[in-house]
2 protein chains.
Amino acid sequence: MAAHISLLDPGRLFGLRYIAMKDVTCPDSPLADLCRQRGLKLTGQRRTIAFVLSDSDDHPDVEELYRRAVAVDPRISIATVYRTVRLFEENGILQRRDFGGGRARYEVADGEHSDHYHLIDASTGKVIEFENAELNALLDSIVREKGYDLVTTRLSIVGRRKAGGED
Amino acid sequence: MAAHISLLDPGRLFGLRYIAMKDVTCPDSPLADLCRQRGLKLTGQRRTIAFVLSDSDDHPDVEELYRRAVAVDPRISIATVYRTVRLFEENGILQRRDFGGGRARYEVADGEHSDHYHLIDASTGKVIEFENAELNALLDSIVREKGYDLVTTRLSIVGRRKAGGED
DNA sequence: CGTATTAATGAGAAGGATTATCAATTGCAA
DNA sequence: TTGCAATTGATAATCCTTCTCATTAATACG
């Protein structure tokens, strides 16, 4: 899904290749702007990761993000993906999710109040996003009633497709 | 919390100690019965872990379970605790929970339909259990509406104690 | 526009939680 | 009681993630 930007074949031109790529990387993206807005240093790698993330509407894990980022700019290490993903999470740019399987998965944090939830297909592991205002309100009232302010909701429902279901 | 059953000082009686402990372990427990009901071989270690679990009303991680199990019967290894906990989960005896912090935590699976949820105090990490029939019903209807049967709900709400709150 | 300064990066080592390995042991059925 | 398949203990291996440190790059300042 992520655009593959490679203006030069790696291995050609030697030193020149390196210098040229310094200026290439990838275009800015909404997330790159966000990065700047938060006062984070916008390095080439961060711009690349932001670009890849802006281009994703699923819930990639770090390994998958790394794959997509390398397709855009091979000069990137998985350590940086781990670091960046953590940084972005700490700055409210990304949200970490746990869908089981032992690895964290990430998605772009849509502004403060467009909470959505996840339904996980028990057979396929497919993740279906949904929103539900009634659920928002109910969770909020439950928490408030117990003397708390809601900070985050981590909800995943595991479901099995009903027999005779459509699609 | 777990009873400490040690009828003999370790180190005394040598061979005899070993033979004696074979017959001691710990009493049966509701979970040990469940274990038998599922056709699982009821080894001494499993009986011990079942006993410890029946005695717990919190959400211990494996390390903590190991600690409690060793207090009952020192002849147990952490590998077995990992194995047993996984076995019990696969057999619907335990439920695995993720409260963040990178380690799985476990609790006894109360029958199919006494779902409860967790509110996590953002400052202290304390876990507060609660039930809510309205929430049960709403989640069920959401899932059904999408053509699924609800298998499991994984919900933790992170909240911050309201300023001026009681207690 | 060049330079210093400070932070970010890459590569791989280290860490923590969990699973796998395998010889020795044990529960259970006959 | 005996035999056999399953389980255990000890530890190595694995997986995901973070750390380390020398090198490189982004920003502020002149």
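Note: hydrogens, waters and symmetry copies are ignored here, and every other heavy atom, side chains too, is used. What you see is a predicted model, and the numbers here were worked out from it, not measured in a lab. Naming convention: chains lettered A, B, ... in sequence-line order (proteins, then strands); numbering from 1 in each chain.
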Sugar-phosphate only, base, or nothing, as touched by B:Ile78 at under 4.0 Å among non-hydrogen atoms: nothing
Tell me: CG of B:Leu42 to C1' of D:dT8, nearest whole Å? 15 Å
Under 4.0 Å: is that the gap between some side-chain N or O of B:Arg86 and OP1 or OP2 of C:dA20? yes
Out of the candidates A:Val72, A:Val52, A:Asp55, A:Ile49, only one should pair with A:Cys26 under the side chain to side chain contact (heavy atoms under 4.5 Å, CB included) rule; please name it. A:Val72
Is there a donor-acceptor contact under 3.5 Å linking the side chains of A:Asp121 and B:Tyr148? yes
If you check the A:Arg83 side chain, which of D:dT20, C:dA17, D:dT8 turns out closest? D:dT20
Whole-Å gap separating P (C:dA8) and CZ (A:Phe88): 12 Å
If the threshold is 4.0 Å, N to carboxylate O, is there a salt bridge linking B:Arg105 and B:Asp61? no
Hey, do the aromatic rings of A:Phe99 and A:His59 have their centres closer than 6.0 Å? yes
Ranking D:dT11, C:dT18, C:dG27 by distance to the side chain of B:Ala79, first place goes to D:dT11
Short side-chain N/O contact from B:Thr43 to OP1 or OP2 of D:dT8, under 4.0 Å: yes
I need the CZ-P distance between A:Arg103 and D:dC16, as an integer number of Å. 4 Å
Can you tell me if A:Tyr82 touches the phosphate of D:dT17, counting only side-chain N or O atoms and a distance under 4.0 Å to OP1 or OP2? yes
Mind checking A:Arg46 for me? I need base, sugar-phosphate or nothing, with any heavy atom below 4.0 Å counting as a touch. sugar-phosphate
Taking the nucleotide of DNA chain C with the closest heavy atom to each, which residue, B:Val62 or B:Leu40, is nearer the 5' end? B:Val62
Report the distance from atom CD of A:Glu63 to atom P of D:dT18, rounded to the nearest whole Å. 14 Å
In whole Å, I'd like the distance from the CD atom of A:Gln45 to the C1' atom of D:dA25. 9 Å
Interatomic distance, A:Arg47 CZ vs D:dA25 P [rounded to whole Å]: 14 Å
Can you measure A:Glu64 atom CD to D:dT17 atom P for me and round it to whole angstrom units? 14 Å
Should B:Arg67 and B:Glu64 count as an ion pair when the cut-off is N to O under 4.0 Å? yes
